[in-house]
**Student:** 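Pasting a structure here, questions to come.
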Amino acid sequence: MLNIGVIISGRGSNLQALIDAGLNIVVVISDKADAFGLERAKKHKIDAVHIDPKKFKDKNTYELEIVKVLQKHQVGLVCLAGYMRIVGDVLLEHYQGKMLNIHPALLPAFPGLHSQKQALEHGVKVSGATVHFVDEGCDTGPIILQTAVPVLDNDTEETLSARILEQEHKIYPQAVKLFAEGKLKIVERRVTGTGG
Ligand code: GAR
């Protein structure tokens, strides 16, 4: 069975969706001590670890600590779920091709922070959620699954975010299952095996 490690920074509703899908999550790591996702993990008897980046001299040593914890749990897939840092060389060296992220926009539109606000400000009529492999860029890796949602006239950042989040909670577990079943193949930038 594939051991999954989840890295978060906050609320952890996507983590909850992965837990609820019955996936084998063996450890949850947060860069923030007060991330609610850590409580969710503990409630489900999953190891919950806070790693404080400020305690390390640089990003590499911080990420080496993350890798140490992931290796201790023999993690074969890393899921970023609301982890608000750009992944550096050390995590990529160890987990590229085995690390996924969920993003609240139809990439390559609106990468980075506040994607829902960016979508509203730009005036797009459709936005959505994307699950992708993590590479060295910011939200640039090969796309696995996407779902679109409409942007409505009276939307605020909150209402659009909620509509997108509902879809995130569906496609993240789906993508993880496809990975766990060995169905996904990356050919250049295209991911096949998603049934699309
Ligand atoms: C989610 O909407 C996720 O897509 C987004 O943060 C939220 C975390 O919510 N991630 C990013 O914006 C990453 N660039 P959650 O903690 O409840 O899963």
Side-chain angles (χ1 to χ4, degrees), residues 4-23 25 27-44 46 48-51 53 59 63 66 77-88 91-92 95-96 99-122 124 126-152 155-177 179:
I4 299 168
V6 182
I7 308 183
I8 60 165
S9 294
R11 179 178 58 182
S13 71
N14 278 290
L15 162 68
Q16 189 68 53
L18 297 175
I19 294 172
D20 293 345
L23 292 158
I25 298 162
V27 63
V28 173
I29 298 171
S30 172
D31 61 334
K32 296 268 193 298
D34 60 353
F36 184 62
L38 289 174
E39 302 309 313
R40 296 182 193 266
K42 286 178 203 157
K43 198 172 152 209
H44 291 270
I46 298 167
V49 184
H50 168 228
I51 302 178
K59 189 161 189 144
E63 288 198 343
I66 297 180
L77 175 68
V78 178
C79 293
L80 308 184
Y83 178 56
M84 293 304 183
R85 287 172 189 274
I86 295 182
V87 160
L91 266 171
L92 274 173
Y95 292 101
Q96 189 155 18
M99 182 160 46
L100 312 186
N101 181 42
I102 180 90
H103 184 77
L106 290 178
L107 292 171
F110 315 126
L113 296 177
H114 310 297
S115 310
Q116 304 92 334
K117 186 161 177 267
Q118 291 185 56
L120 284 173
E121 284 173 1
H122 196 91
V124 292
V126 174
S127 190
T130 302
V131 183
H132 63 94
F133 282 101
V134 176
D135 69 4
E136 59 288 345
C138 174
D139 302 320
T140 54
I143 290 168
I144 302 167
L145 291 177
Q146 294 187 297
T147 302
V149 305
V151 179
L152 306 179
D155 264 337
T156 61
E157 196 180 341
E158 288 69 36
T159 58
L160 179 59
S161 299
R163 194 174 305 118
I164 293 173
L165 194 64
E166 213 181 305
Q167 298 307 316
E168 294 183 39
H169 295 164
K170 290 184 186 156
I171 64 171
Y172 211 1
Q174 266 176 4
V176 172
K177 281 181 190 161
F179 181 95

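Atoms within each ligand, like the ligands themselves, are counted from 1 in listed order.
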**Student:** Who pairs with K59 by salt bridge (charged side-chain N to carboxylate O under 4.0 Å, His left out), at least two apart in sequence or on another chain?
**Tutor:** none
**Student:** Could you point out which residue of V126, D155, L160 forms a side chain to side chain contact (heavy atoms under 4.5 Å, CB included) with V149?
**Tutor:** L160
**Student:** Short N or O contacts of ligand 1 with protein, under 3.5 Å, listed by atom name?
**Tutor:**
from, atom 1, to, atom 2, distance (Å)
ligand 1, 2 (O), E168, OE1, 3.2
ligand 1, 2 (O), E168, OE2, 2.9
ligand 1, 4 (O), E168, OE1, 2.7
ligand 1, 4 (O), E168, OE2, 3.4
ligand 1, 9 (O), R11, NH2, 3.0
ligand 1, 16 (O), G12, N, 2.7
ligand 1, 17 (O), R11, NE, 2.6
ligand 1, 17 (O), R11, NH2, 3.2
ligand 1, 17 (O), S13, N, 2.7
ligand 1, 17 (O), S13, OG, 2.6
ligand 1, 18 (O), S13, N, 3.4
ligand 1, 18 (O), N14, N, 2.9
ligand 1, 18 (O), N14, ND2, 2.9

**Student:** Report yes or no: does Q146 contribute a side-chain atom to a donor-acceptor pair with the main-chain N or O of L107 at less than 3.5 Å?
**Tutor:** yes
**Student:** Is it the case that over 12 heavy atoms from other parts of the model lie below 6.0 angstrom from the NE2 atom of H114?
**Tutor:**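 Open: at most 12 neighbouring heavy atoms sit under 6.0 Å from NE2 of H114.
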**Student:** Sequence neighbours left out, what passes salt bridge (charged side-chain N to carboxylate O under 4.0 Å, His left out) with E136? Give chain and number order.
**Tutor:** none
**Student:** Can you name the side-chain hydrogen bond (donor to acceptor under 3.5 Å, both in side chains) partners of S9, sequence neighbours left out?
**Tutor:**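 So S9 forms a side-chain hydrogen bond (donor to acceptor under 3.5 Å, both in side chains) with D31.
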